Every structure is written in structure tokens, then in C-alpha cells.
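Note that these values count all heavy atoms, side chains included, but never hydrogens, waters or copies made by symmetry. What you see is a predicted model; the values in this text were computed from it and never measured. Within every chain, numbering begins at 1; the chains are lettered A, B, ... in the order of the sequence lines, protein sequences first and strands thereafter.
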Number of protein chains: 2
Amino acid sequence: MTGIVDVAARAGVSVATVSRALRGLPGVSATTRQLVQDIAAELGYVASPSAAGLPTGRTGAVAVVSPVARGWYFTAVLEGAQEVLAQHGYDVLRYDLSEVETNRRKVFDTQLLRKRADGLLIMSLPLDTDEVAALHAMHRPVMVVGPIVPGISSVRVDDVEVGRQATRHLVELGHRVIAFAGGDPDDHLGFPVSPERRLGYLEVLRSAGVEPDPRLSVPAKFTVEAGIAAYAELAARDVMPTAVFAVSDEVAMGIIYAARQDGVRVPEDLSVIGVDDHDLSWLFGLSTVAQDVREEGRLAAAALVDRLRSGVDTEPSVITVATKLIARTSTAAVRT
Amino acid sequence: MTGIVDVAARAGVSVATVSRALRGLPGVSATTRQLVQDIAAELGYVASPSAAGLPTGRTGAVAVVSPVARGWYFTAVLEGAQEVLAQHGYDVLRYDLSEVETNRRKVFDTQLLRKRADGLLIMSLPLDTDEVAALHAMHRPVMVVGPIVPGISSVRVDDVEVGRQATRHLVELGHRVIAFAGGDPDDHLGFPVSPERRLGYLEVLRSAGVEPDPRLSVPAKFTVEAGIAAYAELAARDVMPTAVFAVSDEVAMGIIYAARQDGVRVPEDLSVIGVDDHDLSWLFGLSTVAQDVREEGRLAAAALVDRLRSGVDTEPSVITVATKLIARTSTAAVRT
DNA sequence: CTGAAAGCGCTTACAG
DNA sequence: CTGAAAGCGCTTACAG
């Protein structure tokens, strides 16, 4: 394998000069630099990250952590992040927390990740106090996309506003009996997305003069199956809504599916709106509050790269990305 | 940051002993090993991969390469692969080739990846001769999932059989005028998936006594949009099929969408079958030839780990994963 | 079973 | 502008 000494020998200079020339460091004559670059290219030489990382402490890699391996949202964030990380020459190390406890410990093992990656991009993960402390102890730049975590920079959407946008759309269509599907009763870590979206929902309802009916709130995690279950739950209660605001598009898809199975027409009998603008949402004609998740990934990665470059650990910042209502055919004016 | 010398000092042994004890190497007394392990745990010590990698040449990471950053198929393979890679302690380095030429060169830059990763998992990528040569020159274990590449081990499904299974299902439902949507006219690299699925289609058609009509074959890449375009193309021709075999579920979704927009009922007027069993296929009632993509990822990763462990570069092997017809509601008996 | 020491391939003060 | 040399934190023959 070609090493720096091969390049140095061939170029008739020292390895120090090769190192400087190739990394664009000052103090190398233009001629020498050109020569070294040419020879490196000819030999196909690339510095070994392991070897370069030893003296510098830098790995040239960024770890991207998500709670589960898949899901539309996480892959979209990853795609955006990877795009800008690659542009800046960073490799992407991917971790997920699906084999829960083991991985979680592994990821928050200060030492491990610190030795593997220069920075950390964490997706939408409820973090407990210890974990936040571990993250700080890592002394590496960290960005989270999703929730606001005290002391850590993040890219997020305004979830209360998301709830307002969705509910306002339904209210403007004349709906007054509006259900909310979202929030996980098992979630003891206080993942705030669902509660905040619900807050916006409650707020708009009240300002429309509607007193929220607790029977119209049903729990649902962020899956299609949860949407199906939420519809069943709703149908079993003694008040039927004319519209439902689902916490995500996947939940909305489940609700639409279950409603149709149940002989309920969407949107004639029931309007359904989701959140995200999932890749396939348009296929369902799903109205939604769209967020540009790839862009969130890009912004987070860009901010991370900035901090990696500058070396200064700036004040935690919060970037809020705008969301936008997209009305399609799953919502319609209430029938009178 | 805690290093091996800290552990050694605290345990009152040499760094060599710490190294051996922690890696489970023989030649360490049980007492010493226990002591060292305890102290390492207490200090939260983890060996630096960079430092460990220098003398050994091993990085502890596997690179997973896909042609594009997303898509249901690729994320499913990644999920499966990551699962077993993580179990065996390998980190996952993720690359995609979306910023085409640059990245492609980067990935197939023998030296770079060789210095970054111990092994390579390549997804469904048409590889040209030079690239295959580069892969071999890397002298690292390589697995591909998807196509068969000469001289490289792979995990794949039998795409001709996939074509047979789908077409046989339609033939058994009485269909005789069956279209095929798939194959990319721009694909000059000869990516064989579509052609092979088409081969199975032609074969079953002929053995049912039907002479394939070239007007019933329309091109389509692996996207929903391509499915919509394929339907339009089909509808514009002067022979209308009673069924269509789409090269993937996403293409099938597009066809169903476009057909319904066009006032054509599925399955009453048109039966549609896809391939994959995409996560959301059941929502569309889509009949499909299912492949267990996560399992393909797992198998590929397991084979890779085997070769990484054994060190011997075994003969290229090909693992074929079975596919299975799932009949749902997008296909029905032909109307008489 | 254990340790001293060389070496992996780079980077970075320090001299010149 | 350039080079000699120390050092990054490990692993691995080699001795004992």
C-alpha cells in the first residue's frame, strides 16, 4: 500500500513536505506542492485516516445516530446530512439504537464515540440528563435534529406551530369536531413532539371557540399500524369527529386505511391531515403540514461542519425550519 | 482521555498485558485479566480505533455503499447489514454515489476505502470492469447484494424466477394480455435486474402459449413516477392489457395511481403486481413477489464478517434468497 | 504468564 | 521553504 514515504521518495522531498503540500498547509513552494500533488495522484496515494488521526486526534468522520435503523424521517435526515458531510470530506458513521440498551450505552459511551468521530449528529432522540451530560463530557461538537435539548444546538421545526397549521386548516374548512391522534402513553422520556403538536391543536380549537373534548384525543406512535389502532379507538368512542389531525403522515395513512375499511369515506365523511409530507403522501392525496426534513439534515450537518472547522465551541443555537400546509384531497369542507 | 497507559498504571501491569487482557488474547492469567477488565470498566477505557488500527491495519469498520442515499430497498439492506455488523462490533461507514462522478471515484479509490474500512458491502450497483478490478486490488473482502458480479461474492434473489412467479400468478388468474413495466433505456451499464425479471415473464408467457407482444413492454426505472409514466405510455398504445407486471412495488404503486386517475379500476379492469413487498405495499393491497431484503442485508453482512474473521479469501460464493408470491387485492381473475 | 521495545504511518513543533 | 526527529496510542514479536 502506498504510504507517505513512497511519495516522499519519489518526489525527492521529506515526508514532512509531502504532508504539508497535500494538506494545503502554508510554507511549501508552489513548484514543490505541484510536484508532490502530481506524484501523489499518480501513485493514488491517500493518507491513512488512522495514521493521520493519531497525532491530531481527528478522525475525519462524523457519527450520525438515530433511534431506529429506518423510517422515512430518519433516512431523510441522514440523506441531507450525508450530502453536506460528504462535500466537506467527512465520512459518515451510522449508529442506531434498535438493539436498545446495548447500543444506547455504546453510543453514549463518551470514550468510544470520541475516539471514533469528530462530531455527532443525533436525530430526534429523547435524551435523559445523564446522556446529555455524557454528550458534553465528550468534548466534541454535537448537533441534534428534532427536539430542543438544553445546552445542545439543534435544528427543529416549531411543533406547536405545526399543530396550529394543521388544526387551522381543518377549522377553516368548517370542522369543529376534530380529533387528535398522537402521543405515546409508554413514552416516559417526555419526547415532546406529539405533546407540542397537540398544544397547537388545543390552542387553535379554543380560539375558534371550541372546548377540546378529551374523548377526541387518542394515542398513536409514529407508524401506520398506530394509525389503524387510533381509528379503531376513535370509532369505539361515543363521539365521532368530522376530521382528524394525525401526528404524522404515517399515522394519517393508517387512519385513512382503517376508515375506508370501515366504510367511512375520506374526505366526504372524514377529513384527515398529517405531518411531514412523506415521500408517498401525495399518492394518498394526503393533506399535510410539510417539513423539509432533508434540509434539516443539511442545516444540521452544515452547522456541525462549521463548528468542526472553527474549533470554537460556540453558544448552543437553535435553528427553526419553517413548515408549510399542503392541502390535497384527504381534507374537505365539513358536510352540513 | 483515558489511554492504555492509564489502565496499565492503575493495574500495575504493562500496557502489553492490558492490550492482551482486554482483547481476550491467550497468555494472561485469569486474575490479571479480571483485574484489568475491572479497571478498564471503571475508567471507561476503550482502545482508540485509530491507534489500534495503525499496527494491525484493521479499522474495525465496514463500508456500506449504495447507489443512492435513500429508497426503500437500500435502507432495508442497510438495516439488516447494520444489525449483524453491530453485533460483531463493526462500525458502519456509509457511502452513496449520488453526487455521481466524484463519489464514485472516491468509493472506488482503492486506497481510500482500503484505509478506512476492513470490508465492503456494495448494494445493487452496476459495476464496470475497471471497478471490479479496483475492488479486487483493494484486497479487502467484498460482498455485493443484488446482482451477480464475476469474481465477487453476492447475496441475491433469482430475478428470472421473480419474473416467473409474478407472471404465473397473472396467467393463473386467466390473464393473457399482460404488460411488463421495467427496464431503463438509459442504463448502459447493463444492470440486469429488469432484463432478468422480464426474461421470466417472457418464459411463462410462452409456456402458456402466448406470444409476447413488444407493445406490451414499457420502460420504467424503480420509482413511483416511472410507474405513472409507464401507465401513460401503455394507455397511449393501441393494445390495452388486462394485467401488468411491474418491476418493483414502487412502479406498481405509480401504475395503480395513474390507472385510477384514468378511471380504470384496479383490479376489476386491470390487475397489477409488483416486486419487493415494500413496507407500505399492504396499504395499497398490492400483490407482489416478496423478497426479504433485510435478510439479504443480514446474510451479506454475516458472510462478510466470516471472511473478515477467518482472514482467508474464500472462493466467491453466491447466496440466493427465496422469493414468495403474496396475492392481495390488486390482482384478480380476468373478466370474461 | 509478563514486560521492554520496536514499529505502524502519519503530523508538528523545532531548527535551519 | 524544507527536513530531522519526536510523538500520537496502540499491537506484537521477542525475551525471559
Taking it one step at a time, do A:Tyr73 and A:Val77 satisfy side chain to side chain contact (heavy atoms under 4.5 Å, CB included)? CA-CA 6 Å; A:Tyr73 178 85; A:Val77 173; 3.9 Å; yes
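Proximity of residues 6-22 of chain A to DNA chain C (heavy atom under 4.0 angstrom from any strand atom) is restricted to A:Ala16, A:Ser19, A:Arg20.
One finds the OG1 atom of B:Thr75 at 11.5 Å from the CD atom of B:Gln82 (value rounded to the nearest 0.5 Å). Interatomic distance, A:His139 NE2 to A:Arg114 CZ, rounded to the nearest 0.5 Å: 7.0 Å. Taken to the nearest 0.5 Å, the CG atom of A:Asp91 stands 11.0 Å off from the CZ atom of A:Arg116. From B:Leu135, atom CG reaches atom CG of B:Leu120 across 6.0 Å, with rounding to the nearest 0.5 Å. Expressed to the nearest 0.5 Å, how far CD of A:Glu42 lies from CD1 of A:Ile39 amounts to 6.5 Å. The distance from the NE2 atom of A:His88 to the CG atom of A:Leu304 is 10.5 Å, given to the nearest 0.5 Å.
Side-chain proximity of B:Arg23 to C:dC10, D:dT12, C:dC1: nearest is D:dT12. Considering only side-chain atoms of B:Tyr45, the nucleotide from C:dC10, D:dT12, D:dC10 that sits closest is D:dC10. The nucleotide whose nearest atom lies closest to any side-chain atom of B:Leu25 is, among D:dT12, C:dG7, C:dT12, D:dT12.
In the model, A:Ser66 has no side-chain atom that pairs as donor or acceptor with a side-chain atom of A:Asp96 under 3.5 Å.
In this model, the phosphate group of D:dC10 is approached by a side-chain N or O of A:Lys115 to a distance below 4.0 Å at OP1 or OP2. For B:Thr32, a side-chain nitrogen or oxygen approaches OP1 or OP2 of C:dT2 to under 4.0 Å.
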Dot-bracket for DNA chain C: what is it, with Watson-Crick or G-U pairs under 3.5 Å, [ ] where a pair crosses earlier ones, and | for a pair to another strand? |||.||||||||.|||
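Comparing B:Ser29 and B:Leu54 by the nucleotide of DNA chain C whose heavy atom lies nearest to each, the residue mapping closer to the 5' end is B:Ser29.
Side chain of A:Asp38 to backbone of A:Leu35: no donor-acceptor contact under 3.5 angstrom is found.
The separation between A:Ile4 atom CD1 and C:dT12 atom C1' is 12 Å, rounded to whole Å. Straight-line distance from the CZ atom of A:Arg114 to the C1' atom of D:dC8: 14 Å, rounded to whole Å.
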